[in-house]
Amino acid sequence: MIRDYIIFLWRVYRLSFYGNKKYYTWMTFLTLIVFTGAYSYVNQFTHGLAITGMTNQVSWGLYIANFTFLVGLAAAAVMLVIPAYVYHNKPLHDVVILGELLAIAAIVMCLLFVNVDLGRPDRFWHLMPVIGKFNFPVSMLSWDVVVLIGYLMLNVHICGYLLYANYLGKKPTPLIYIPFVFIAIFWAVSIHTVTAFLYISLSGRPFWNAAIVAPRFIGSAFTAGPGFMFITFQIIRHYTNYKISDEALRLLRQIVTISLLVNLFLVGCEVFKEFYAESAHSSSARYLFFGLHGHNMLVPWIWFAIFIESIAALIFLVPPFARKMPLANIACFLSITGIWIEKGPGMVVSGFVPTPLGEVVEYFPTLYESLVCIGIWAFGALLYSWMIHLAIPILSGRFRHKQTRQALQQTPC
Amino acid sequence: MSDQSRKEHDQTEPASLDDMTHEPLTRRSFLKAGAAAVALSAGTAITLSPLKDLDQHFSVNEFFQQHYEELTPEMMEKILERIKQEIKRDYDVEADLRDIKPTPGVEFAYALNLGRCIGCRRCVYACMDENNQSRDPEIQYIRVLEMEKGSMDIESSNHYYNPETVPNKGKYYMPVQCHQCRNSPCTKACPVKATWRDPDGIVVVDYNWCIGCRYCLAACPYWARRFNFATPKIASNDINTEMAYLGNRIRPRGVAEKCTFCLRRTRQGMLPACAEVCPTGSRIFANILEPGNPISYVLENKRVYVLKESLQTFPRFYYFFEK
């Protein structure tokens, strides 16, 4: 048993370096970007967070913005899991593991984004339950650490078990993974809700201290996540021989369409609430949508985001466009970009403007900070590509335990 | 991708990957792996090269230092000694560093007379002289807001007023610093209990435990917390060598800090630096458990205003109006 597993790991290691020219080019390209990001981070570690654009006034920036977006991406795996496992949807059942692997990559990126944001990364162990000094259950950030690590472990277990069972050629034992799949469904919603509570719990920041943040997070996550999968799965289908049915893609497109409409509706609710009876508590929203005291850096961004999300909604809804696959890809790309803007910089940075004492200081990310972000995204892509590179041969039966393969060969089919 | 091209694609790959992963290493693959290893090592070396300019010291003892609650007096003794040596090494001064505890039966509070404050900012600079904040980048705990008479809207206040003489006509001044809330959002936010309320009401930060997540900066409704984005720079002759562990000792980089009601002074019976320096007598500081103290007098007899009272943070910092 153990020996088989060690051989499996060794073969996985060998398989990681086995690939065609395209595979090597892609992985080398990503590795170079990862190194650029790492170099920028080492610079930050050397000189402190002073080399970022963050200040005492705007004390979170691109790192936490990306973190927030990616928690959504991770949570969105649940949109495949629910139809696949609860409603036994066959087309989605074939791709659900690809979604769960995406969740793993997204959570790893989240943890990296939290880490690069820390002033004292050397003290990360203080955040660890048991060995550190955890302010649980009072601090929402301690909740976030628990749910993120928990979600990572759940998905690693589910994917790891299913892939290894496939490798051995055994039918997976439901008891070992099905309960975890159902826990993961609730857990996925919880990771994004807790991340929303991180903001909602701050009564000194009226822009965040609003219940709508949680549903907006869920709505935008279920747009961007399945949209991301819609595009990624087509790429996987193009470059590998893994069967992904058009039916699965159609379902994903439906999910994106409905979530996008919900998201736009919630944006409308928020705009109405902030501006119909505008008060001193609307200052951040005014800064975001119209500019405040002559400062309006985010204004073109947020309107651009809403504009492209609306274009995407039209593409999804108007019948002649809606049937065309390339257009759907564009619509997904527009939704993802729009949501990244409104949820990342839009939501996170505006919460800090003006400060609780009414000062307006704008935030500009620096080159180093941006390179660290790009580096982490490249690392996520590297990780996901690697997992897909291993998972596809296992799932399609081309990478099997030796005895299993011999047994299969002897059986006439 | 059409089915046709997918089929072609299939043919380019072997039906099984088993042989590949079982086959022994060849000379060629060995050389390839070697070249990749060299490239990776070179990349790593370049990536790590900025570290030669690292100006923050990391020590093993500091890494393993326990949470403040778990420190025995002997452990604290050693920690204080270590920090003194670090200050000597980095700033070339002999620090008198102590861990000054709160006194039982003492609860501090502060009252500030908005009718009298003229906005001279002497409190801001006296605070810096006492509390060893970084001078570059400059960190200040007190922000004085210049307000329009006829309004209490802090969003229309001017933070950067700079006339020849103060007060400006038609303005009044509202200094804001840590309100030492009884229901403090910052301590609730901290994920690692690096900041807490001491029994005398002062909200403190253990700079050796803070991880620098800045959630407390986001949580504070009074913008009272500051973060050390860079290693603090302060000239040796500007350093106040009398230091407290939870108070005015020189901060490391990457941690949050804040006003501590000058606990180094107030826990030893002195007034906070800002209250002592105020030329107009606008600032009143006292132990509210002591009978006949001036804060209780203000609360009972004056028109008192609590900043952002609706947030129910219950500050220990009150504003009042009196000529």
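In what follows, chains are A, B, ... by sequence order, proteins preceding strands, each numbered from 1.
Between A:Arg123 and B:Glu62, at least one side-chain nitrogen of the basic residue sits less than 4.0 Å from a carboxylate oxygen of the acidic one, meeting the salt-bridge criterion.
Scanning all heavy atoms of the two residues, the minimum distance from A:His126 to B:Trp209 falls at ND1-O, 2.9 Å. Contact between A:Leu49 and B:Arg214 at its shortest, heavy atoms only, is CD1-NH1, 3.3 Å. The nearest pair of heavy atoms linking B:Pro50 to A:Val42 is CD-CG1, 3.9 Å. A:Tyr39 approaches B:Thr47 most closely through the heavy-atom pair N-CG2, 3.4 Å. B:Leu311 and A:Ser203 make their closest contact through CD2-O, 3.4 Å (heavy atoms, listed as atom of the first residue, atom of the second, distance). Closest of all the heavy-atom pairs between A:Leu141 and B:Ala189 is CB-O, 4.4 Å.
Within the 4.5 angstrom heavy-atom criterion, only backbone atoms of B:Arg225 (N, CA, C, O) approach chain A. Looking at A:Gln234, neither its backbone nor its side chain comes within 4.5 Å of chain B, counting heavy atoms on both sides. Residue A:Met325 does not touch chain B at all, counting heavy-atom pairs closer than 4.5 Å. Within the 4.5 angstrom heavy-atom criterion, only side-chain atoms of A:Phe352, from C-beta onward, approach chain B. In this structure, the portion of A:Thr355 lying under 4.5 Å from any heavy atom of chain B is its side chain and not its backbone. Contact of B:Lys188 with chain A is made through backbone and side chain together, with heavy-atom distances under 4.5 Å. If you measure heavy-atom distances from A:Trp143 to chain B, you find no contacts under 4.5 Å at all.
Relative ring orientation between B:Tyr215 and A:Trp60 is described as parallel, the plane-to-plane angle staying below 30° on a 0-90° scale split at 30° and 60°.
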Worksheet item: Can A:Phe124 and B:Ile211 be said to form a side chain to side chain contact (heavy atoms under 4.5 Å, CB included), step by step?
Response: CA-CA 7 Å; A:Phe124 187 74; B:Ile211 58 170; over 6 Å; no
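Using modelled atom types, one side-chain atom of A:Asn135 and one backbone atom of B:Cys190 make a donor-acceptor pair closer than 3.5 Å. With hydrogens and angles disregarded, a donor-acceptor distance shorter than 3.5 Å links the side chain of B:His159 to the backbone of A:Leu357. Looking at B:Lys193, its side chain never comes within 3.5 Å of a backbone N or O of A:Phe136 through a donor-acceptor pair. Checking side-chain atoms of A:Arg205 against main-chain N and O of B:Ala218 turns up a donor-acceptor pair under 3.5 Å. Checking side-chain atoms of A:Asp122 against main-chain N and O of B:Phe58 turns up no donor-acceptor pair under 3.5 Å.
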